Amino acid sequence: MQFFTRHTMHTLDSQAADALAAAMRERDLAGRIRLIEAELPGRLVFTTSLGIEDQVLTHAIALAKGRTEIVTLDTGRLFPETYDVWAETESAYGIRIRAYVPEREAEERFVADEGINGFRHSVAARQACCGFRKVEPLGRALAGARGWLTGLRAGQSANRAATPLASFDAERNLIKLNPLADWSREDVDRFVRDNYVPYNALHDRGFPSIGCAPCTRAVRVGEPERAGRWWWEQEEKKECGLHIGRPEASVQPGREAAAFEPDTSRNLEMAR
């Protein structure tokens, strides 16, 4: 590890990321957090969505009492249950999770042009909504950061199947760290249960992945974990732009977004 430290003290690149990923591979979660904080100089930021994977990381980071900042992107359209677990998490660990919110003018302009649920009009409109609610605030959250921690797992979706433990993000000039990349959903659930980690109540109601309320539904039995996110779009192209560049997505025939939110009661019963 002396090579890794010596190398990254001066520059961040793919070689440094690969070295860190190799070192992370042999450690448990607590060890991975310690390694990141010991070997990667500069500002470290963990962006939590307050979903179950991110709650696992919050637990590990909070107990480590290190220098990693915990922040979240408060889109203004989150579920009430998400705000509840946010408050519960701060209380449980004695921490504050810093919120980054959308720029007021961008939000006002979008709502004036497209309507309050204008993201339903087209994929381009939905991506624009994600842009000012998530992507732009993320840029502010990561300004000056040398390391970005996330709760991404390879098993979350086909898009994320190749998620590494660490990679170099050339666009942001930082190392992106995914300490749970090689964990299964069963690993996550077991950790939460064994360590009494607070989690979003929606996870018990058929929501394995939770985003903004109007763009998330419960999943049906047999569906991928992220099937409930922007469910009216093509499955293989659904991303908001935070972790994967926005693909040229299209709406699946017969799955155009309704004017109002769908009744998810049937989905909830099927997913239990």
Side-chain angles (χ1 to χ4, degrees), residues 8 11-13 16-17 33 36-37 40-51 53-55 57-58 61-62 66-79 82-83 85-87 89-90 93 95-114 116 118-119 124-152 160 163 166-180 200 209-216 229-230 238-247:
T8 54
T11 185
L12 298 179
D13 55 22
I33 299 301
I36 291 166
E37 295 205 346
L40 187 58
R43 183 172 179 241
L44 300 176
V45 179
F46 166 45
T47 52
T48 175
S49 68
L50 299 154
E53 287 89 358
D54 289 346
Q55 290 297 101
L57 276 186
T58 294
I61 291 169
R67 59 189 177 85
T68 300
E69 302 171 34
I70 304 177
V71 309
T72 194
L73 309 178
D74 182 2
T75 66
R77 301 301 302 270
L78 303 178
F79 285 94
T82 301
Y83 292 108
V85 77
W86 181 348
T89 301
E90 290 189 332
Y93 297 106
I95 60 175
R96 280 286 179 265
I97 298 173
R98 180 176 179 181
Y100 286 83
V101 301
E103 287 190 333
R104 177 178 57 80
E105 291 184 1
E107 182 171 12
E108 290 176 352
R109 185 166 55 249
F110 180 87
V111 173
D113 291 344
E114 301 288 346
I116 188 61
F119 51 83
R126 195 274 293 169
Q127 291 176 337
C129 189
C130 288
F132 77 80
R133 292 190 188 277
K134 296 182 177 181
V135 180
E136 190 281 330
L138 175 68
R140 285 185 275 122
L142 295 179
R146 301 271 284 178
W148 173 25
L149 286 79
T150 86
L152 294 183
R160 299 179 177 183
T163 299
S167 62
F168 176 60
D169 186 328
E171 181 180 351
R172 297 184 176 92
N173 191 35
L174 52 73
I175 292 183
K176 186 175 182 181
L177 304 141
N178 310 300
L180 303 181
N200 196 316
S209 178
I210 303 168
C212 290
C215 293
T216 310
R229 306 291 292 277
W230 312 295
K238 298 190 302 185
E239 287 288 345
C240 64
L242 290 183
H243 301 292
I244 297 176
R246 302 182 200 178

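Treat the numbers as computed from the prediction; the structure is a model and nothing was measured.
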| field | Distance, nearest 0.5 Å, that separates SG of C130 from CG of L73 | value | 11.0 Å
| request: Could you grab the distance from atom CG of L50 to atom CZ of F79, nearest 0.5 Å is fine? | output: 13.0 Å
| note | All heavy atoms of C129 vs all of F110, minimum pair found to be CB-CZ, 3.8 Å
| query | What residues form a side-chain contact (heavy atoms from CB on, under 4.5 Å) with R67, not counting sequence neighbours? | reply | E37, L44
| query | Can you name the side-chain contact (heavy atoms from CB on, under 4.5 Å) partners of A99, sequence neighbours left out? | reply | T72, D74, W86
| field | Residues that S209 engages under side chain to side chain donor-acceptor pair (under 3.5 Å), provided they are two or more places apart | value | R229
| query | If every non-hydrogen atom of W230 is compared with every non-hydrogen atom of K134, which pair is closest and at what distance? | reply | CZ2-NZ, 3.9 Å
| query | Residues in side chain to side chain donor-acceptor pair (under 3.5 Å) with N173, at least two apart? | reply | none
| query | At their closest point, which heavy atom of G147 faces which heavy atom of L40, and how far apart are they? | reply | CA-CD2, 3.7 Å
| Closest non-hydrogen atom pair, R172 against W148 | NH1-CZ3, 3.5 Å
| Does E90 have any salt bridge (charged side-chain N to carboxylate O under 4.0 Å, His left out) partners at least two apart in sequence or in another chain, and if so, which? | R96
| Stepwise side-chain contact (heavy atoms from CB on, under 4.5 Å) test for L149 and I33 | CA-CA 10 Å; L149 286 79; I33 299 301; 4.0 Å; yes
| said: To the nearest 0.5 Å, what is the distance between OG1 on T68 and CD1 on I61? | reply: 5.0 Å
| request: Using side-chain contact (heavy atoms from CB on, under 4.5 Å) as the criterion, list what pairs up with N200, not counting sequence neighbours. | output: E81, T82, V85, L202, H203, I210
| task | Output all residues satisfying side-chain contact (heavy atoms from CB on, under 4.5 Å) with E103, sequence neighbours left out; order by chain, then residue number. | result | A106, E136, R140
| task | Would you please name every residue forming a side chain to side chain donor-acceptor pair (under 3.5 Å) with S167, sequence neighbours left out? | result | none
| Taking only residues two or more places apart in sequence, or in another chain, which ones meet Y100 in a ring pair (Phe, Tyr, Trp, His ring centres under 6.0 Å)? | none
| task | Identify the heavy atoms of F119 and P214 that sit nearest to each other, and give their distance. | result | CZ-CB, 3.5 Å
| task | Could you list the residues that satisfy salt bridge (charged side-chain N to carboxylate O under 4.0 Å, His left out) with E107, not counting sequence neighbours? | result | R133
| query | How would you list, by chain and number, every residue that makes a ring pair (Phe, Tyr, Trp, His ring centres under 6.0 Å) with F168, sequence neighbours excluded? | reply | none
| message | Taking G151's backbone N and O only, do any of them form a donor-acceptor pair with D54's side chain (distance below 3.5 Å, no angle check)? | response | yes
| query | Taking all non-hydrogen atoms of both residues, which atom of T216 and which atom of G211 are closest, and how far apart? | reply | OG1-N, 3.2 Å
| Residue pair R98, I70: steps toward the side-chain contact (heavy atoms from CB on, under 4.5 Å) verdict | CA-CA 7 Å; R98 180 176 179 181; I70 304 177; over 6 Å; no
| request: Show the numbers, then the answer: is there a side-chain contact (heavy atoms from CB on, under 4.5 Å) between L152 and E53? | output: CA-CA 8 Å; L152 294 183; E53 287 89 358; over 6 Å; no
| query | side-chain contact (heavy atoms from CB on, under 4.5 Å) with F46: which of V71, L177, L57? | reply | L57
| Of all residues at least two apart in sequence or in a different chain, which pass the salt bridge (charged side-chain N to carboxylate O under 4.0 Å, His left out) check with R43? | E69
| task | Take T150 and T48, measure what side-chain contact (heavy atoms from CB on, under 4.5 Å) needs, and give me the verdict at the end. | result | CA-CA 7 Å; T150 86; T48 175; over 6 Å; no
| task | Measure the OG1-CD1 distance between T58 and I95 for me, rounded to the nearest 0.5 Å. | result | 6.0 Å
